[in-house]
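In listed order, ligands and their atoms are each counted from 1. Here the structure is a predicted model, which is why all the values come from computation and not from measurement.
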Amino acid sequence: MVQSAVLGFPRIGPNRELKKATEGYWNGKITVDELFKVGKDLRTQNWKLQKEAGVDIIPSNDFSFYDQVLDLSLLFNVIPDRYTKYDLSPIDTLFAMGRGLQRKATATEKAVDVTALEMVKWFDSNYHYVRPTFSKTTQFKLNGQKPVDEFLEAKGLGIQTRPVLLGPVSYLFLGKADKDSLDLEPLSLLDQLLPLYAEILSKLAAAGATEVQIDEPILVLDLPANAQAAIKKAYAYFGKQSNLPKITLATYFGTVVPNLDAIKGLPVAALHVDFVRAPEQFDDVVAAIGDKQTLSVGIVDGRNIWKNDFKKSSAFVNKAIEKLGADRVIVATSSSLLHTPVDLTNETKLDAEIKGFFSFATQKLDEVVVITKNVSGQDVTSALEANAKSVESRGKSKLIHDSSVKARVSSIDEKMSTRAAPFEQRLPEQKKVFNLPLFPTTTIGSFPQTKDIRINRNKFNKGTISAEEYEKFINSEIETVIRFQEEIGLDVLVHGEPERNDMVQYFGEQINGYAFTVNGWVQSYGSRYVRPPIIVGDLSRPKAMSVKESVYAQSITSKPVKGMLTGPITCLRWSFPRDDVDQKTQAMQLALALRDEVNDLEAAGIKVIQVDEPALREGLPLREGAERSAYYTWAAEAFRVATSGVANKTQIHSHFCYSDLDPNHIKALDADVVSIEFSKKDDANYIAEFKNYPNHIGLGLFDIHSPRVPSKDEFITKISTILKSYPAEKFWVNPDCGLKTRGWEETRLSLTHMVEAAKYFREQY
Ligand code: GLN
Ligand code: ZN
C-alpha cells in the first residue's frame, strides 16, 4: 500500500500561540509551566489534525520552542562555556543561546550577560537556525531526551509518530568551530556524536518508535569529499546497531544526484527526495535505490502555497509505483511544512478567486492524502474534478496578466542598469553634497516598533482612526526618531519606518499583482514570524509608495535622511513567488516598480536612498553551476535597474543581513555604500576579503537580534580590530540591521555607545 507522509508541520499555532507564549515567558508574564503547557497543546493539536486528515506517517519532534537545530545542540550538550556558568535551566539555556540574555542580579538569581550564538539562514529559505558552535572543550553527552518525550506524548494520545531528527552529518556540517578552537573541523567530531544518536534512536525504539526520519538536507549541496565520506560512515554505523527504528533518510530543497554515490547502498529503509524542486532527478534516484528500499516522493510543496495539481502529481507518483511497486512508494510533502502558513481557512479577506489558487499547511495534509488515495485506486473523483477546475482557472485568470508590464520588462537595456558615472567619479560629487566626517554613523532603517505603533496601525486598519489621524501619529513617531538621532549625533538619519508592518509586505500592498493574507504567518527565527505576501500576477506600481514619509522626515532636519526601500530580490525572496513565471522575470518587474520609486524620491529632494537586499545571499542557488552564475548576473542587474536612474550625486546605499557574502557579488550592485552583518563574525579573514571592495562599507557592529547593550569600550575594541585589516576612509559605523524588534531603552544605549566610539576614532585619525 502506498502511504502518505508529512515531514514536519508548522509549530507556531494557527493564531501564533507559540509567539505569544514564548514572548510572554521572556517578559515574565507567564511561568515556565504555562509555557510548556502551550507547547504541549500545540503538539497535540498538530498531531490530531494530521491524524484526522488521514495522514499515515505523522512527524514528532518537529516542535521547538526556538529552533530545531538549537534543540539538538542542547540535547547533545553542544553548549559553549559562556552559557553554562550561570546555572540556567535547560529552557533558559536554550533561549540564552538563541537570543542572548542580559539581566541584573536579583535576590535569587545571578546577573547574566551573554550574547547569542550565530544565526544563519536555513539553506535558501527565510528560516534561520542557530548555528551549532563546537569547541575543543565540547563534551558530548545527552541532556534529556526531547525526541523520546515527544514521541511518548503522541503515543499517549494514541498517535503513532515518526520522530524527526536532523542527521549527524548535516548537524556538524552546518555548525562551526568556536573562536577558541578555529582549527577544529566540525566533521571530525562525528565519531563522538554517532553513539549519542544511536542512544537516542535506541531509546526511541524502546519507546515504541518503528521508524524515524533523519534529515540530511546537506545532500543537496556541493559536498566536499569528507562530508560524503561522513554520510557513508554515519549510516553504515547505524546499520550495524541492533534494535534501531527503520530510518528514512530525508533530503530536500534540491537534487541529490551529485551525491548519489554517497547515498547508494546505505542501510536505510527509505530515501526521501524533493521532486517539487528537482523533478529531473527521478530516473537517477530510482536507478540508485536499493531493491528493498522505499522511495518517499516529495510532491506536495513545503515551500510555496500554490494548490497542488493532482493530475500531474498522481502521474508522477504512478511512475514511481510502476518502477518500485506500491509498497515501496510514499507520497509526501517535499520538505517540512514549516515554511508555509498554517491554515487557509483563517483567510477571511482574500478575493475568492485568488483564495482558490492557494493551499496552506493544513490544506496540504489533504493534498498528500488525496494523491495517496488516487494512486491507490480509491475513488476521489470529486476532489480531482474540483482540483482540475481550479488549476485551469488560475492559468486563465485575468488577475494575472498585464501586457504593459511584460512590454516594459522586455525593453530593459544596458543603459537602464548602469549609473551615469563610475563610483570614483560619483564619490567626489557626493562628498561635496554631504561633507561627512570620517567614520560616518548611521542606522539600517527601522526603529523600535512599539506597542503604540501597532495599536495605531490596527486602529487605522480597522477604521477606528482616520487617515489624517494616522498620518499625524506616524509623523509624530518620525519626529521622535529624527530628534533622537540628532540628539545622539548620528550623521545620516533615517525616518524609522513606523508606517511599515513589514519591509516587503508594506511595498507589496502598494504594488499591483500581489495578494496578502491576514494570518499567513511563517516562522523566520525564534519568535519572529513573517507574513509573506504572494506574487499572483504581473507586478506594477500605480503610485509613489514611500515618498511622503521620507519627505516629511527630511523637512524637519538639516541632516541627510535616507529614503528607504526594499530591493527587488528581497521583495521576491520574501514573498511566495509565482510558479508559472521564472524568478528573473518577477525580479525585473519589481525592479522597474522600484526604479520609479527611487526616481520619485530623488525628485522629491531625498539625497541618500537605501535599497535593502538582505535576501540577496539566500537567493543564491545552492549548488555551483549555470543556475548560480545566471543568478549572480540577473540579481545584480535587477538591483541596478532599480537604482541607476539617479544622478551621480545621489548616494545609493544597500544593506544585507547575514554574512558569507561574496564581495564580487556585492561589487556588481555598484551601490555607493553597503552595510553588512558583521557583529558575530570575529573572523579577520572575512574582513580581509572586503579590503579591496572599492565602494564604502558599514560593517555591522552590534547584534540587533539580542536585547544586549554593548558598551562604548566594546565598540572601540571591535572597531580597532576591524581597522587592522580594513581602511578607515571607507569605514561606516552602524548596527547589523534594523532595530524594529528592539525596545527603546536598549536602542538608545547601544546607539549612543556606538556614536561615542565613532567620535573616539575620529579623534585618533
Ligand atoms: N531597512 C530595514 C530595517 O531596518 C532592513 C531590514 C533587514 O535588513 N532585514 O528594518
Ligand atoms: Zn538586515
Side-chain angles (χ1 to χ4, degrees), residues 118-121 125-128 441-450 453-454 477-478 481 484-485 490 492-508 522 524-526 528-532 545-546 549-550 553 561-575 594 597-598 601 606 608-619 639 642-643 652-661 666 669 671 673-681 697-706 732 734-744 747 750-751 754:
E118 187 184 3
M119 198 164 66
V120 203
K121 293 208 185 223
S125 79
N126 188 24
Y127 179 77
H128 306 67
T441 53
T442 190
T443 61
I444 306 305
S446 57
F447 268 74
Q449 287 263 336
T450 57
I453 294 181
R454 280 195 298 273
E477 288 294 317
I478 293 175
V481 168
F484 166 72
Q485 296 172 91
L490 279 153
V492 175
L493 313 192
V494 296
H495 77 283
E497 306 178 23
E499 76 286 10
R500 302 188 187 171
N501 40 10
D502 170 87
M503 64 184 292
V504 174
Q505 191 187 348
Y506 184 73
F507 292 101
V522 177
S524 174
Y525 66 86
R528 177 106 192 126
Y529 309 161
V530 293
R531 207 163 25 147
M545 305 184 280
S546 69
E549 291 80 10
S550 291
V561 177
K562 284 193 271 193
M564 194 61 65
L565 302 173
T566 306
I569 303 301
T570 303
C571 284
L572 174 68
R573 295 294 313 179
W574 291 357
S575 304
L594 288 160
E597 186 71 12
V598 168
L601 281 167
I606 304 300
V608 189
I609 300 166
Q610 178 171 312
V611 179
D612 292 325
E613 282 292 23
L616 187 69
R617 173 65 182 79
E618 82 181 39
F639 181 89
T643 54
I652 296 289
H653 287 221
S654 189
H655 162 73
F656 322 99
C657 310
Y658 308 101
S659 327
D660 303 326
L661 287 155
I666 302 181
L669 305 184
V673 181
V674 298
S675 54
I676 62 181
E677 188 246 32
F678 193 73
S679 73
K680 285 187 226 163
K681 284 264 166 209
I697 307 190
L699 294 160
L701 295 176
F702 71 92
D703 178 13
I704 58 84
H705 299 102
S706 165
W732 282 64
N734 50 256
D736 258 357
C737 190
L739 297 157
K740 60 183 165 239
T741 56
R742 295 276 54 86
W744 260 107
T747 297
S750 299
L751 289 178
M754 186 188 86

Could you pull out every N or O of ligand 1 that sits under 3.5 Å from a protein N or O, with the distance for each pair?
{"residue": "ligand 1", "atom": "1 (N)", "partner": "Ile444", "partner atom": "O", "Å": "3.0"}
{"residue": "ligand 1", "atom": "1 (N)", "partner": "Glu497", "partner atom": "OE2", "Å": "2.8"}
{"residue": "ligand 1", "atom": "1 (N)", "partner": "Asp612", "partner atom": "OD2", "Å": "2.6"}
{"residue": "ligand 1", "atom": "4 (O)", "partner": "Ile444", "partner atom": "O", "Å": "3.4"}
{"residue": "ligand 1", "atom": "4 (O)", "partner": "Ser446", "partner atom": "N", "Å": "2.8"}
{"residue": "ligand 1", "atom": "4 (O)", "partner": "Ser446", "partner atom": "OG", "Å": "3.1"}
{"residue": "ligand 1", "atom": "8 (O)", "partner": "His655", "partner atom": "NE2", "Å": "3.0"}
{"residue": "ligand 1", "atom": "10 (O)", "partner": "Ser446", "partner atom": "OG", "Å": "2.7"}
{"residue": "ligand 1", "atom": "10 (O)", "partner": "Lys740", "partner atom": "NZ", "Å": "3.1"}

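Although no hydrogens or angles enter the test, the distance criterion places no donor-acceptor pair under 3.5 Å between the side chain of His495 and the main chain of Ile478. With hydrogens and angles disregarded, a donor-acceptor distance shorter than 3.5 Å links the side chain of Gln485 to the backbone of Val494. The closest donor-acceptor contact from the side chain of Arg617 to the backbone of Phe656 lies at 3.5 Å or more, if one exists at all.
Of the inter-residue distances, the one linking Glu118 atom CD with Ser679 atom OG reads 9.0 Å to the nearest 0.5 angstrom. Between the CG atom of Leu565 and the CG atom of Asp612 there is a distance of 8.0 Å, given to the nearest 0.5 Å.
Annotation for Phe507 and Met564: closest pair CZ-O, 3.7 Å, computed over non-hydrogen atoms. Closest non-hydrogen pair, Arg742 versus Pro448, comes out as O-CB, 3.1 Å.
Ion pairing between Glu497 and Lys740 fails under the 4.0 Å rule for side-chain N and carboxylate O.
Shown here are the protein N/O/S atoms lying under 2.8 Å from the Zn ion (ligand 2), water excluded: His655 NE2, Cys657 SG, Cys737 SG.
Taking the side chain as every heavy atom from C-beta outward, Arg500 and Ser546 approach each other to under 4.5 Å.
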